Asker: 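Dumping the structure here so I can ask a few things about it.
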Amino acid sequence: MNTSVTEELPSKSGDSGSLYQQLQQQRTRVLLLTLLLVCISVLFDIGTGSSWIGVSQVVEALINGPSGDSLATTIVWDLRLPVTLTCLVVGASLGLAGGLMQTLLANPLASPYTLGVSAAAGFGASVALLSGFSLFGLAWLGVPAAAFVTSGLASMAIYAIGRSRNMDAKVLILAGIVVLFFFQALQSLAQYLASPEVLQQIVFWLFGSLLKASWLSFFVSGVILLVGLTLALPKVWALTALSSGEERAQALGINTSRLRLQMFLLCSLLTAGAVSFVGTIGFIGLVAPHFARMLVGEDQRFYLPLASLMGALLLCASSLVAKLIIPGTIIPIGIVTSLVGVPFLLYLLVSRRFN
């Protein structure tokens with residue numbers, strides 16, 4: 001009997017290891033497939049617009065570089081590529097920030113939008129437009145700079161409230177809701193005081209639009225995204241432990257309060273860098289992490305990169321849809337993301353996937 005048991009144990013252990021390897025391979029394939037879909041969506045997004053460009057022409061223009069003399073090269077490198085790349089890094093930043101927030105707060109509704117950071121950025125932009133604020137004499141830099149500052153202040157306010165209660169997840173969520181309503185009220189006040197011309201600019205910015213995206217917005221938001229990934233990925237083990245429960249994470253020697261502080265400040269930086277140039281974009285930071293969780297589970301080694309890729313894919317697909325709904329007109333992308341996000345939230349509620 002003992003011999004039989006002894007002989008079976010390695011077999012079971014081997015089966016367990018094989019299943020684990022298969023699971024890891026499956027998750028890796030999901031990541032690679034999502035990355036491929038992102039690349040495909042980029043090509044179609046660049047080629048779509050008032051002047052249609054075929055995928056082969058887009059690829060040729062990208063390979064030849066900005067020094068080419070064709071019309072397609074000018075359109076791709078001077079007009080559409082910076083917009084599409086900004087779209088990618090903004091979506092990836094919001095997806096990563098949303099994934100971190102949902103893990104830190106153990107709440108499926110946590111996102112930069114629902115916690116008020118995006119609303120704070122909208123208020124900063126409204127004030128800049130209302131006052132004519134400029135940075136280094138450049139009016140077009142004043143809006144993103146003001147949005148960045150106010151979103152940072154909102155994050156500091158949420159952190160200050162949370163710190164007084166030992167960075168408790170429920171307190172942070174309630175603090176975010178308070179900040180959300182506060183800055184939405186300030187947004188309304190700014191719109192009430194604005195002239196009709198300025199009001200139109202404020203409302204258009206609050207819709208969320210990629211029309212003012214540029215190489216500068218791509219580089220600034222891209223650097224912030226790289227910083228975010230560099231700081232978040234080394235914490236994947238601790239975050240995975242936290243996702244399994246507060247007490248279990250503390251039993252493993254993890255300082256959960258410090259971890260929440262570090263990652264929450266990182267979420268704030270990612271959100272500020274994302275929305276400062278393109279305006280308020282909702283639901284990406286909420287929906288992308290849910291897709292990632294459905295596909296790869298809570299293992300943060302796969303969950304966070306996939307949440308970031310999903311954010312990039314969803315926003316790039318939304319950009320493509322925004323160009324196709326009304327030919328010749330680009331609908332603000334924030335409207336498209338909301339139209340996608342609301343049905344998805346209803347699906348989660350009906351299917352009882354909130355737990």
Side-chain angles (χ1 to χ4, degrees), residues 31-96 138-141 143-144 204-205 207-229 270 273-279 281 284 288 305 308-337 340:
L31 279 172
L32 294 177
L33 177 60
T34 306
L35 179 60
L36 176 62
L37 291 175
V38 169
C39 295
I40 293 173
S41 65
V42 165
L43 294 178
F44 279 101
D45 186 56
I46 293 175
T48 305
S50 55
S51 298
W52 290 80
I53 304 175
V55 173
S56 59
Q57 291 179 290
V58 172
V59 173
E60 182 180 356
L62 292 174
I63 294 175
N64 292 335
S67 58
D69 56 359
S70 66
L71 178 60
T73 299
T74 302
I75 294 175
V76 168
W77 284 93
D78 294 345
L79 300 177
R80 295 184 185 171
L81 185 59
V83 174
T84 300
L85 292 179
T86 299
C87 177
L88 288 180
V89 296
V90 167
S93 296
L94 292 176
L96 178 59
L138 301 173
W140 60 273
L141 269 181
V143 173
F204 187 77
W205 196 92
F207 281 159
S209 175
L210 294 168
L211 291 180
K212 293 187 179 181
S214 62
W215 285 110
L216 176 64
S217 64
F218 163 65
F219 285 122
V220 173
S221 299
V223 168
I224 292 175
L225 174 61
L226 288 177
V227 171
L229 289 170
L270 287 167
V275 305
S276 294
F277 288 95
V278 301
I281 296 178
I284 294 297
S308 187
L309 284 175
M310 277 293 176
L313 177 61
L314 289 174
L315 195 59
C316 193
S318 298
S319 173
L320 185 59
V321 172
K323 299 175 183 179
L324 295 174
I325 292 178
I326 303 176
T329 302
I330 301 178
I331 296 177
I333 197 169
I335 296 176
V336 178
T337 58
V340 172

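All figures in this text were calculated on a predicted structure; none of them were measured in a lab.
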Asker: Please name all residues satisfying side chain to side chain contact (heavy atoms under 4.5 Å, CB included) with Ser209, sequence neighbours left out, ordered by chain then number.
Answerer: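 Ser209 satisfies side chain to side chain contact (heavy atoms under 4.5 Å, CB included) with Phe204, Leu211 once adjacent residues are dropped.
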Asker: Hey, does the side chain of Lys323 reach the backbone of Thr48 with a donor-acceptor pair shorter than 3.5 angstrom?
Answerer: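 Between the backbone of Thr48 and the side chain of Lys323 there is a qualifying donor-acceptor contact (under 3.5 Å).
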Asker: Evaluate side-chain contact (heavy atoms from CB on, under 4.5 Å) for Phe207 paired with Ile333, printing each intermediate quantity in order.
Answerer: CA-CA 7 Å; Phe207 281 159; Ile333 197 169; over 6 Å; no
Asker: Quick check: does any side chain N or O of Thr337 sit under 3.5 Å from a backbone N or O of Gly334, one acting as donor and the other as acceptor?
Answerer: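 Yes, the answer is positive, given that a donor and an acceptor are paired below the 3.5 Å cut-off.
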Asker: For Ile281 and Val275: C-alpha separation, side-chain torsions, deciding distance, then whether side-chain contact (heavy atoms from CB on, under 4.5 Å) applies.
Answerer: CA-CA 7 Å; Ile281 296 178; Val275 305; 5.6 Å; no
Asker: Quick one: are Phe277 and Val143 in side-chain contact, heavy atoms under 4.5 Å?
Answerer: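 The answer is no, as the side chains (C-beta and beyond) never meet within the 4.5 Å cut-off.
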Asker: Might you point out which heavy atoms bring Ala274 and Val278 nearest each other, and give the distance in Å?
Answerer: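 In terms of heavy atoms, the two residues are closest at O-CG2, 3.4 Å.
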Asker: Do you know the tightest heavy-atom contact between Ser41 and Leu313?
Answerer: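 Smallest heavy-atom distance, with atoms named: OG-CD1, 3.9 Å.
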Asker: Would you indicate whether the side-chain heavy atoms of Val76 and Leu62 approach each other to under 4.5 Å?
Answerer: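 When only atoms from C-beta onward are counted, Val76 and Leu62 do touch, with a gap below 4.5 Å.
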Asker: Sequence neighbours left out, what passes side chain to side chain contact (heavy atoms under 4.5 Å, CB included) with Thr74? Give chain and number order.
Answerer: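 Side chain to side chain contact (heavy atoms under 4.5 Å, CB included) check on Thr74 returns Asp78.
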Asker: Compare all side-chain heavy atoms of Arg80 with those of Ile53 and state whether any distance is below 4.5 angstrom.
Answerer: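 The answer is yes, as the side chains (C-beta and beyond) meet within the 4.5 Å cut-off.
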Asker: Taking only distance into account, with no hydrogens and no angle test, what donor-acceptor pairs under 3.5 Å do side-chain atoms of residues 218-229 form with protein atoms, sequence neighbours excluded?
Answerer:
| unit_1 | atom_1 | unit_2 | atom_2 | d |
| --- | --- | --- | --- | --- |
| Ser221 | OG | Ser217 | O | 3.1 |
| Ser221 | OG | Gly273 | O | 2.8 |

Asker: What heavy-atom pair brings Phe44 and Leu320 nearest, and what distance separates the two atoms?
Answerer: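 For Phe44 and Leu320, the tightest heavy-atom pair comes out as O-CD1, 3.8 Å.
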Asker: Go through the structure and list residues passing side chain to side chain donor-acceptor pair (under 3.5 Å) with Ser56, not counting sequence neighbours.
Answerer: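 By the side chain to side chain donor-acceptor pair (under 3.5 Å) rule, Ser56 matches no residue at all.
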Asker: Determine whether Leu36 and Ile40 satisfy the following criterion, side-chain contact (heavy atoms from CB on, under 4.5 Å), listing intermediate values before the conclusion.
Answerer: CA-CA 6 Å; Leu36 176 62; Ile40 293 173; 4.1 Å; yes
Asker: Determine, step by step, whether Leu43 and Val59 satisfy the side-chain contact (heavy atoms from CB on, under 4.5 Å) criterion, reporting the C-alpha distance in whole Å, the side-chain angles of both residues, the deciding distance to 0.1 Å, and the verdict.
Answerer: CA-CA 8 Å; Leu43 294 178; Val59 173; 4.1 Å; yes
Asker: What I'd like to find out is whether the side chain of Ile335 reaches to under 4.5 Å of the side chain of Pro332, using heavy atoms alone.
Answerer: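 Side chain of Ile335 against side chain of Pro332, heavy atoms only: contact under 4.5 Å found.
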Asker: Is Trp77 reaching over with its side chain to a backbone N or O of Pro82, donor-acceptor style, under 3.5 angstrom?
Answerer: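 Between the backbone of Pro82 and the side chain of Trp77 there is no qualifying donor-acceptor contact (under 3.5 Å).
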Asker: Quick check: do Ser214 and Thr86 have side-chain heavy atoms less than 4.5 Å from each other?
Answerer: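 Ser214 does not reach Thr86 side chain to side chain.
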Asker: Mind checking what makes side chain to side chain donor-acceptor pair (under 3.5 Å) contact with Ser319, not counting sequence neighbours?
Answerer: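 Scan of Ser319 (side chain to side chain donor-acceptor pair (under 3.5 Å), adjacent residues dropped) gives Asp45.
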Asker: Kindly write out the residues that satisfy side chain to side chain contact (heavy atoms under 4.5 Å, CB included) with Leu79, not counting sequence neighbours, or none if the list is empty.
Answerer: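 If we apply the side chain to side chain contact (heavy atoms under 4.5 Å, CB included) test to Leu79, skipping adjacent residues, there are no hits.
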Asker: If you look at every heavy atom in Gly95 and Ala288, which pair is closest and at what distance?
Answerer: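 Closest heavy-atom pair between Gly95 and Ala288: CA-CB, 4.2 Å.
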